[in-house]
**Student:** 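Below you'll find the structure I mean.
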Amino acid sequence: MQQTQTRKKRRGPFHTMLPFWLILPTVLVLLAIQVYPAFYTIWLSFHERQPQGWEYVGLNNFVRLLGMGVFSESVGHTIVFLVGYTSLTLVLGFIIALLLNRKLKLSGLYVTLLFIPWIIADIIVGIVFRLLVVPDYGLLSGILQNPAIFPPNGISVLTATRPPSWFGGFPFPPALAMIYLIMASAWRALPFITLLLLAAMQTVSTEVIESSRIDGANGWQVVRRIMIPLMLPTLVVALFSLTLGGMNGVGMVFSLTGGGPGSATEVLSYLLYVLGWSQLNFGRAAALAMLIAVVNWILILSTLRVTRVEERTH
Amino acid sequence: MFGVSRRRLNVWLVNLALVVICIFALIPVVTTVVISFKGERDIIRKPPNFLPCDTPTSAFDPTACRWSVEGYQRVLSPKPSEGGLLPFALTGNIVRVYIPNSFLYATSTALIVVFLAGMSGYAFSRYRFRGRSLLLFAILAITGVPLLTNLLALYQMGVVIRKAQVPFYDDRLFLVAVYTGFFLPLSVWIAKGFFDAIPRELEEAAVIDGCSPFSALLRISMPLALPGLMAVFLLTFVNVWNEFIAGYLLIAKNEFKPAMFGLYEFLGQNIINLQVVAAACILIALPIVVLFIFARRSFFAAMVEGAIKG
């Protein structure tokens with residue numbers, strides 16, 4: 001610290017200001033593209049578009065949004081989606097990471113192959129999974145729609161409606177399309193989560209595991225009592241980042257189900273698009289964006305809390 | 001003795017499990033490739049068949065496979081043309097309009113992001129100044145903000161700017177600015193991580209030997225940071241290439257929309273012609289997958305730097 005101070009003095013005014021000039025463009029871009037729109041969204045959520053301009057309507061947008069049947073339905077769909085998506089991805093990711101943690105000769109090859117889904121755009125993943133279940137012609141439809149396997153008429157993923165709900169209005173059990181959407185989303189998120197968990201797993205010291213082995217712990221006990229507790233911060237980070245991505249991802253809904261059948265896969269992120277751009281109801285869409293943003297910020301700040309980021313900014 | 005063989009058996013089982021997982025992970029990709037090479041006759045068969053290789057007499061006959069490039073032909077729609085470099089021109093909208101658009105957005109965004117992230121990453125790594133921690137914390141927090149919630153405001157900003165008739169303004173500039181703002185925060189962190197890994201002593205030695213600090217940055221640090229900046233470039237390129245919703249909503253004219261929109265539009269036009277949709281998917285995803293396989297070290301390095309952020 002002392003050294004940098006003396007060095008700074010020897011340089012001219014341009015050099016003392018150098019870090020400022022280097023950072024300024026980044027800060028300006030972020031202010032224009034990230035910070036300003038965030039405040040603009042807040043402003044929009046209190047206004048309604050009228051032919052003559054924007055009219056201040058107070059909390060009306062929020063009240064109307066919360067009163068909409070589709071809103072509470074979408075909240076239900078989002079909860080079902082997120083619970084299924086995060087648990088499926090975390091469990092599978094943990095298992096695959098455990099396998100990769102054995103440091104095999106072919107690990108590099110496995111990682112490369114397993115990572116291909118991550119590099120494919122969500123809209124393409126949606127189409128790829130859709131091709132498998134297109135009614136009548138998709139490869140999986142050949143099995144699912146076969147009355148000999150699934151009587152009486154076979155089932156079609158993209159058109160089967162939601163079974164009657166068990167808990168009043170809450171959309172559970174979900175429609176087949178929702179389960180399929182969860183699987184497709186998990187497929188794409190798995191590589192990243194696997195790598196994240198694998199990295200954390202490799203920091204768990206082998207000595208601790210070896211010694212517990214000698215003390216007679218079996219494989220499951222090692223995972224349960226040693227690995228999971230030691231990896232807890234990473235697991236929480238993985239859970240939050242999956243929730244964040246799942247709540248805001250919209251591409252796969254677009255190309256896989258289009259929100260259907262009916263509204264069975266209409267999650268909040270898709271509802272935002274429907275309200276804002278299909279129904280051109282900007283005020284209500286902005287109110288919804290605000291609600292989603294609040295949840296996002298809670299998730300982001302908790303993630304930063306868990307990773308104790310203050311230590312890394314020094 | 002028993003322990004050794006049991007260990008070997010374990011390794012075998014783990015390998016087997018991983019091979020099965022890899023196969024499952026790649027099944028959707030492989031089926032799409034197979035579908036893209038089927039002809040219309042095999043696409044609309046009931047019940048569907050995985051490979052178009054059956055004959056009336058046998059279920060699978062590799063010599064009788066009816067592979068076809070019809071899907072690709074309909075995506076590319078080559079027409080004979082004179083005077084060009086090639087004897088034919090590709091007239092399909094996906095290759096003529098949408099892919100070049102995506103390439104333009106991805107390249108320009110990635111270049112700008114590398115430039116800005118390189119500068120600020122260097123400053124954050126090498127200098128201690130007032131507000132540094134706070135700024136880094138803010139950038140890290142913004143990294144997590146998804147595009148979706150800001151989209152309404154960005155769309156409205158686009159409408160306002162368009163109405164104001166700013167000279168030389170174009171939706172495309174706005175989209176590149178949005179992508180830059182959206183992918184910059186993560187890149188700043190990645191770049192900072194790479195600069196942190198370069199020993200400061202190298203620059204100090206150069207300065208003592210009579211090099212100015214700025215040229216030490218250009219001559220010593222930049223070349224050493226090149227792999228890191230390359231990783232930032234590739235990651236941003238792929239992210240922009242794969243982005244759908246902003247490109248779809250923020251651009252008014254169809255002729256300026258990116259490849260992912262082209263694909264979405266295509267999906268609506270080809271409800272039965274699965275081979276055409278599959279071919280379009282392959283054409284758009286292939287460059288990225290090949291890029292990833294060849295530059296995977298770069299991608300993983302960027303992810304390790306960026307993933308710690310969570």
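Proteins get letters first, then strands, A, B, ... in listed order; numbering begins at 1 in each.
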**Student:** Using a cut-off of under 4.5 Å for heavy-atom pairs, which of A:Leu113, A:Val29, A:Ile124 has the most such pairs with chain B?
**Tutor:**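 Greatest number of close heavy-atom pairs with chain B: A:Ile124.
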**Student:** May I ask you to check whether B:Phe299 and A:Phe115 place their ring centers less than 6.0 Å from one another?
**Tutor:** no
**Student:** Tell me, out of B:Thr31, B:Leu291, B:Ile44, who's got the most heavy-atom pairs with chain A below 4.5 Å.
**Tutor:**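 If we count pairs closer than 4.5 Å to chain A, B:Ile44 comes out on top.
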**Student:** Taking side chain to side chain contact (heavy atoms under 4.5 Å, CB included) as the criterion, tell me which of B:Ile245, B:Leu151, B:Thr149 meets it with A:Asn248.
**Tutor:** B:Thr149
**Student:** Between A:Leu99 and chain B, with a heavy-atom cut-off of 4.5 Å, which part of the residue counts as in contact: side chain, backbone, both or neither?
**Tutor:** both
**Student:** Checking heavy atoms, do the side chain of B:Phe115, its backbone, both or neither come under 4.5 Å from chain A?
**Tutor:** neither
**Student:** Are B:Leu154 and A:Pro37 packed together at the side-chain level, in the sense that at least one heavy-atom pair is separated by less than 4.5 angstrom?
**Tutor:** yes
**Student:** Only pairs of heavy atoms separated by less than 4.5 Å count here; which of B:Ile139, B:Ile272, B:Leu249, B:Leu147 has the most with chain A?
**Tutor:**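 Result: the option with the highest number of such pairs is B:Leu249.
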**Student:** Non-hydrogen atoms of chain B under 4.5 Å away: do they reach the side chain of A:Val27, the backbone, both or neither?
**Tutor:** side chain
**Student:** Below 4.5 Å, heavy-atom pairs only: which of A:Val128, A:Leu24, A:Thr41, A:Leu139 has the largest tally toward chain B?
**Tutor:**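 Counting heavy-atom pairs under 4.5 Å, the top option is A:Leu139.
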**Student:** Among A:Phe39, A:Phe240, A:Tyr36, which has the most heavy-atom pairs under 4.5 Å with chain B?
**Tutor:** A:Tyr36
**Student:** To the nearest 0.5 Å, what is the distance between CZ on A:Arg102 and CG on B:Leu18?
**Tutor:**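 So the gap between those two atoms works out to 10.0 Å.
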**Student:** Yes or no on side chain to side chain donor-acceptor pair (under 3.5 Å) for A:Tyr40 and B:Asn150, after CA distance, side-chain angles and deciding distance?
**Tutor:** CA-CA 9 Å; A:Tyr40 196 17; B:Asn150 279 345; over 6 Å; no
**Student:** Need one label for A:Leu31: side chain, backbone, both or neither, based on atoms under 4.5 Å from any heavy atom in chain B.
**Tutor:**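 A:Leu31 has no heavy atom closer than 4.5 Å to chain B.
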**Student:** Tell me, for A:Ala293 versus chain B, whether the close heavy atoms (under 4.5 Å) come from the side chain, the backbone, both or neither.
**Tutor:** both
**Student:** Just so I know, are the side chains of B:Val29 and A:Ile120 near enough to count as touching, which here means a heavy-atom distance under 4.5 Å?
**Tutor:**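 When only atoms from C-beta onward are counted, A:Ile120 and B:Val29 do touch, with a gap below 4.5 Å.
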**Student:** Could you measure the distance from the CZ atom of B:Phe244 to the CG atom of A:Asp122? Nearest 0.5 Å is fine.
**Tutor:** 8.5 Å
**Student:** Need one label for A:Phe129: side chain, backbone, both or neither, based on atoms under 4.5 Å from any heavy atom in chain B.
**Tutor:** side chain
**Student:** For B:Ile23, which atoms come within 4.5 Å of any heavy atom of chain A: side chain, backbone, both, or neither?
**Tutor:** neither
**Student:** Can you say whether A:Tyr273 sits under 4.5 Å from chain B via the side chain, the backbone, both, or neither, judging by heavy atoms?
**Tutor:**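 Contact with chain B is through the side chain of A:Tyr273 alone.
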**Student:** Which atoms of B:Arg296 come close to chain A, meaning under 4.5 Å heavy atom to heavy atom: side chain ones, backbone ones, both, or neither?
**Tutor:** side chain
**Student:** Could you have a look at B:Asn15, B:Asn49, B:Ile35, B:Val178 and say which one has the most heavy-atom pairs with chain A under 4.5 angstrom?
**Tutor:** B:Asn15
**Student:** Can you tell me how far the OH atom of A:Tyr137 sits from the CG atom of B:Asn273, to the nearest 0.5 Å?
**Tutor:**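 If I round to the nearest 0.5 Å, the distance is 10.5 Å.
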**Student:** Run the side chain to side chain contact (heavy atoms under 4.5 Å, CB included) test on A:Ile33 and B:Thr180 for me, step by step, so that the C-alpha distance in whole Å, both residues' side-chain angles and the decisive distance to 0.1 Å come before the verdict.
**Tutor:** CA-CA 8 Å; A:Ile33 304 296; B:Thr180 304; over 6 Å; no
**Student:** Please check if the distance between the ring centroids of A:Phe20 and B:Phe129 is under 6.0 Å.
**Tutor:** no
**Student:** Taking side chain as everything from C-beta outward and backbone as N, CA, C, O, which of these in A:Ile127 sits under 4.5 Å from a heavy atom of chain B? Side chain, backbone, both or neither.
**Tutor:**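 Side chain only.
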**Student:** State whether the side chain of A:Asn296 and the backbone N or O of B:Pro146 hold a donor-acceptor pair below 3.5 Å, judged by distance alone.
**Tutor:**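 No; judged by distance alone, with no hydrogens or angles, the pair does not exist.
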**Student:** Starting from the C-alpha separation in whole Å, work towards a yes-or-no answer on side chain to side chain contact (heavy atoms under 4.5 Å, CB included) for B:Leu267 and A:Phe254.
**Tutor:** CA-CA 10 Å; B:Leu267 187 65; A:Phe254 259 94; over 6 Å; no
**Student:** If you count heavy-atom pairs under 4.5 Å between each of A:Leu301, A:Leu244, A:Asn146, A:Ile143 and chain B, which one has the most?
**Tutor:** A:Leu244
**Student:** Given heavy-atom pairs under 4.5 angstrom as the criterion, report whether the side chain, backbone, both or neither of A:Trp43 touches chain B.
**Tutor:**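 No part of A:Trp43 comes within 4.5 Å of chain B.
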**Student:** Tell me, do B:Val145 and A:Trp297 make a side-chain contact under 4.5 Å, heavy atoms counted?
**Tutor:** yes
**Student:** Given heavy-atom pairs under 4.5 angstrom as the criterion, report whether the side chain, backbone, both or neither of A:Leu104 touches chain B.
**Tutor:**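 Just the side chain, heavy atoms under 4.5 Å.
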**Student:** For the candidates A:Ala238, A:Pro117, A:Ala285, A:Gly276, which exhibits the highest count of non-hydrogen atom pairs separated by less than 4.5 Å from chain B?
**Tutor:**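 Of the options given, most contacts go to A:Ala285.
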**Student:** For B:Val19, is it the side chain, the backbone, both, or neither that has a heavy atom closer than 4.5 Å to a heavy atom of chain A?
**Tutor:**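 Both backbone and side chain.
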**Student:** For B:Phe50, is the CZ atom crowded, meaning more than 12 foreign heavy atoms sit under 6.0 Å from it?
**Tutor:**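 Yes, CZ of B:Phe50 has more than 12 neighbouring heavy atoms, counting only those of other groups under 6.0 Å.
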**Student:** Would you mind telling me which of A:Gly249, A:Ala121, A:Pro191 has the largest number of heavy-atom pairs within less than 4.5 Å of chain B?
**Tutor:**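 Going by pairs under 4.5 Å, I would pick A:Ala121.
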**Student:** For chain A, which candidate among B:Leu116, B:Thr32, B:Val14 shows the most heavy-atom pairs at distances under 4.5 Å?
**Tutor:**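 The residue among B:Leu116, B:Thr32, B:Val14 with the greatest pair count is B:Val14.
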**Student:** Using a 4.5 angstrom heavy-atom cutoff, name the option from B:Gly121, B:Cys281, B:Ala141, B:Ala138 with the most pairs to chain A.
**Tutor:**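 Among B:Gly121, B:Cys281, B:Ala141, B:Ala138, the one with the most close pairs to chain A is B:Ala141.
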**Student:** In terms of heavy-atom proximity below 4.5 Å to chain B, should A:Leu44 be classed as side chain, backbone, both, or neither?
**Tutor:**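 Only the side chain of A:Leu44 comes within 4.5 Å of chain B.
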**Student:** Where does A:Leu132 contact chain B at under 4.5 Å (heavy atoms): side chain, backbone, both or neither?
**Tutor:** side chain
**Student:** Heavy-atom pairs under 4.5 Å with chain A - which of B:Leu148, B:Asp196, B:Asn239 has more of them than the others?
**Tutor:** B:Leu148
**Student:** Measuring from atom CG of B:Leu152 to atom OG of A:Ser45, what distance do you get when rounded to the nearest 0.5 angstrom?
**Tutor:**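 It is 10.0 Å, given to the nearest 0.5 Å.
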**Student:** Name the region of A:Ala32, side chain, backbone, both or neither, that has any atom closer than 4.5 Å to a heavy atom of chain B.
**Tutor:** backbone
**Student:** Roughly how far, to the nearest 0.5 Å, is CG of B:Leu274 from CG of A:Leu131?
**Tutor:** 5.5 Å
**Student:** Please check if the distance between the ring centroids of A:Trp277 and B:Tyr155 is under 6.0 Å.
**Tutor:** yes
**Student:** Counting C-beta onward and ignoring hydrogens, is there a side-chain heavy-atom pair between A:Gln34 and B:Pro185 closer than 4.5 Å?
**Tutor:** yes
**Student:** Look up atom CD1 in A:Ile116 and atom CZ in B:Phe292, then write down how far apart they are to the nearest 0.5 Å.
**Tutor:**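 Answer for the CD1-CZ pair, A:Ile116 versus B:Phe292, is 7.0 Å.
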**Student:** Name the region of A:Val250, side chain, backbone, both or neither, that has any atom closer than 4.5 Å to a heavy atom of chain B.
**Tutor:** side chain
